[in-house]
2 protein chains.
Amino acid sequence: MRAGRKEGPPVAVTIKDVAKRANVAASTVSRVIANSSKISPGTARRVREAITELDYNPNYHARSLVKNTTNTIGIVMPRSAQSTFQNPFFPEVIRGITSEIHDKDIGMYLSTGQTEDEIYNEVVKMVVESRVDGIILLYSQENDRIMPFLLEKNFPFVLIGRPSAQLDQISYVNNDNVKAGGMLTEYLLLLNHKKIGFIGGNENSMVTKDHLEGYSNALAKRAVPFREEYVVYREEIKEGGQEAAIELMSLSSPPTAIIAADDMMAFGVLRMIQDMNKKVPDDVSIVSFNNFMLSELSTPPLTTVDIHIFDLGARAAESLVDLMYSGNKDIQHTIVPHHLVKRESCTVWN
Amino acid sequence: MRAGRKEGPPVAVTIKDVAKRANVAASTVSRVIANSSKISPGTARRVREAITELDYNPNYHARSLVKNTTNTIGIVMPRSAQSTFQNPFFPEVIRGITSEIHDKDIGMYLSTGQTEDEIYNEVVKMVVESRVDGIILLYSQENDRIMPFLLEKNFPFVLIGRPSAQLDQISYVNNDNVKAGGMLTEYLLLLNHKKIGFIGGNENSMVTKDHLEGYSNALAKRAVPFREEYVVYREEIKEGGQEAAIELMSLSSPPTAIIAADDMMAFGVLRMIQDMNKKVPDDVSIVSFNNFMLSELSTPPLTTVDIHIFDLGARAAESLVDLMYSGNKDIQHTIVPHHLVKRESCTVWN
DNA sequence: TTGTAGGCGTTATCAG
DNA sequence: CTGATAACGCCTACAA
């Protein structure tokens, strides 16, 4: 279905009205708006007066039409973020983006699609109808149609995360998730844990793959065997952690420490472990990724790695603005640092 | 600062190209796109072929310019939501809005302003530059300039929350917050609590006022004295709850139960109470509003009133779409029901 | 320094 | 049923 026609509200004041009022031609008005150098102070003043008196604002579409620029960027979220925009990750990224563009007169257009097709079609519309000047992709998955499309159209975009291919053609900003996963694992190892469970998010997402790689690297380095049964995947943000905890803890030799895909998962794990009448961290240690705001308010407060989500968004916006307006078409790869936030959900294993 | 000019990417295919290809006039192409009735099947087919062959998409701005319609709605968030988009309320509202518009070909434009002035200017731009067809306001405050402006321009908008004035001229969707506040208080009263602390959010916001009214009503009805010192306000989403807990618990006669402005606050309160080596709910009961996803995962799980945030967004979008495209300009007031979710943060006071 | 004219890509009106 | 043609509101040569 397509929305119907709008009854035009009181016709807006146009550039001609201003011109008439100031006794000049429309083009002159246009020039003072553009701050054209060659304009006499006198007329400039007169025009400006007329503008304020009439409360004139240039029509966005007319301007976009002729300049072929929209001054807005599109944000594309994954399907799963739509169903769970609940994941604080996305709002926080958007905050970061916002911080970077709010004073640059750049607007933000949000995708609303809820299926892969809907999202793809929205992206197509954004670019081919010239709705936006550039796009920030909030996710990457293997075999996705969006990036190939954008690449083919040669349309400016930056990805938050890691592309699964064509690294050298895609601007992205990401964390070093392999390293982060490794660090967390090593931390647990140093705490003397040998049986470490790993709860991944979407099995096909790059983050998950990278975390897992870091995990297994760290294990290998300390000659701790990698055990299949310690690795489980859950996508559902709410029940995921709880279910994974059940799966892990019901093993004949359950882990003494668990790495959760993110703090939301960790909350679920925490809840479930406590429901089992076990203590965190005494009976099982928990660590996770992201450092959401609430992580420090849980019981016990969560040890987690802060990946600076806000910065992810801000840097992405920065790169994109560069790509769109600076003429600099160089591909940029930005790695946002992470750091461990030690709190009280981990302890030494006897 | 204003963003610069974009280098036009490969010029897009226009309606004229299609016309040429199909050997018809541009206006004919326009007609088949609009599904005009009076068009011969033959040409229609030829045109459609040309469209797909050329991969033609109508230019959004050209169309908006002449039709004076944008098929997009603007979402205006409060300053505090920008700094704390962290509050799950906003993402959840947006999910609701999205659910309502994603299949209607309606887009979503997000405000990015971070000061009151920036936000106001953005709104002005949205309406006066014809960027959007309507607006959803995610907050209301007394002495705000935005609603008067919208009203004066006779621009379609709906408010999520309660207007502080001109109720009959403003479409809004809201909860019955007085009732919700009253219910929570009565619940605690029935649990035999007499000393009930109230932590409000922003003291000037309508929600807070309504909650407080419900609170004091309920107290009065049971002849329990209203005590000034039991009422505190905190805006900061993260530290607010903790600080308020300190303030309340250090009273000479501290409350045995606390009503928090929302679950985020409640988390902070919970944390702080536990840091004081007191038990929830045995030493103090906690209840709050909103029922965020995480509320059921805390320790202990939170008793809270579910206000159906998602529906707030969906209904608002529905009303707005009506206002914008249906020709029905009737003011609509929608009250979304709430319900108590009993969990484990409250118990009977001996 | 300023005005005139033409065009950006559509849709709507009016003939035919 | 279809084709010209004139808007929509703005910007940018080109002239003056």
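Residue numbering restarts at 1 for every chain, and letters A, B, ... go by the order of the sequence lines.
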Just do the salt bridge (charged side-chain N to carboxylate O under 4.0 Å, His left out) check on A/Arg46 and A/Glu49 with the steps written out, would you?
CA-CA 5 Å; A/Arg46 283 212 325 285; A/Glu49 274 175 21; over 6 Å; no
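Rounded to a whole Å, the CD atom of A/Glu129 is 11 Å from the P atom of C/dT11. In this structure, B/Leu65 atom CG and C/dA12 atom C1' are separated by 13 Å, rounded to whole Å. One interatomic measurement links the two molecules: CG of A/Asn68 to P of C/dT10, which rounds to 12 Å at whole-angstrom precision. Atom pair A/Ile39:CD1 and C/dT1:P shows a separation of 8 Å (rounding to whole Å applied). The distance between atom CZ of A/Arg63 and atom P of D/dC8, rounded to the nearest whole Å, is 19 Å. Here D/dT12 presents its C1' atom at 14 Å from CD1 of A/Ile33, a figure rounded to the nearest Å. Here D/dC11 presents its C1' atom at 15 Å from CG of A/Asn71, a figure rounded to the nearest Å. With rounding to whole Å, B/Arg131 atom CZ is found 22 Å from D/dC8 atom P.
A donor-acceptor contact under 3.5 angstrom links the side chains of A/Glu122 and A/Thr112, judged on distance only. With hydrogens and angles left out, the side-chain atoms of B/Asn71 and B/Asp105 include no donor and acceptor closer than 3.5 Å. Between the side chains of A/Asp133 and A/Tyr325, at least one donor N or O lies within less than 3.5 Å of an accepting N or O.
Checked against D/dC8, D/dG3, C/dT10, the side chain of B/Pro58 finds its nearest nucleotide in C/dT10. For B/Asn59, whose side chain is taken as the heavy atoms from C-beta onward, the closest listed nucleotide among D/dC10, D/dT2, C/dG9 is C/dG9. Of the listed nucleotides (D/dA4, C/dG7, C/dG9), C/dG9 has the atom at the smallest distance from the side chain of B/Val66.
Contact annotation for A/Asp17: no contact, since no heavy-atom pair falls under 4.0 Å across all strands. Residue A/Ser64 is out of contact with every strand shown, counting any heavy-atom pair closer than 4.0 Å. Residue A/Val29 is out of contact with every strand shown, counting any heavy-atom pair closer than 4.0 Å.
Contact annotation: A/Thr28 reaches the phosphate of C/dG3 (side-chain N/O to OP1 or OP2, under 4.0 Å). At the phosphate of D/dC1, neither OP1 nor OP2 sits under 4.0 Å from any side-chain N or O atom of B/Thr43. Taking 4.0 angstrom as the limit, B/Thr14 places none of its side-chain polar atoms (N or O) nearer than this to OP1 or OP2 of C/dG9. Residue A/Tyr60 places no side-chain N or O under 4.0 Å from the OP1 or OP2 atom of D/dC8.
Using bins of under 30°, 30° to 60° and over 60° for the plane-to-plane angle, the ring pair A/Tyr120/A/Phe149 lands in the perpendicular bin.
Between the side chain of A/Ser27 and the base of C/dT4, at least one donor-acceptor pair of N or O atoms lies under 3.5 Å. Side-chain atoms of B/Arg31 stay outside donor-acceptor range of the base of C/dT10, with no qualifying N/O pair under 3.5 Å.
Of the charged side-chain nitrogens involved, at least one lies within less than 4.0 Å of a carboxylate oxygen, so that B/Glu318 and B/Arg315 count as a salt-bridged pair.
With DNA chain D read from its 5' end, the first of the two nearest nucleotides for A/Ala34 and B/Ala62 is the one closest to B/Ala62.
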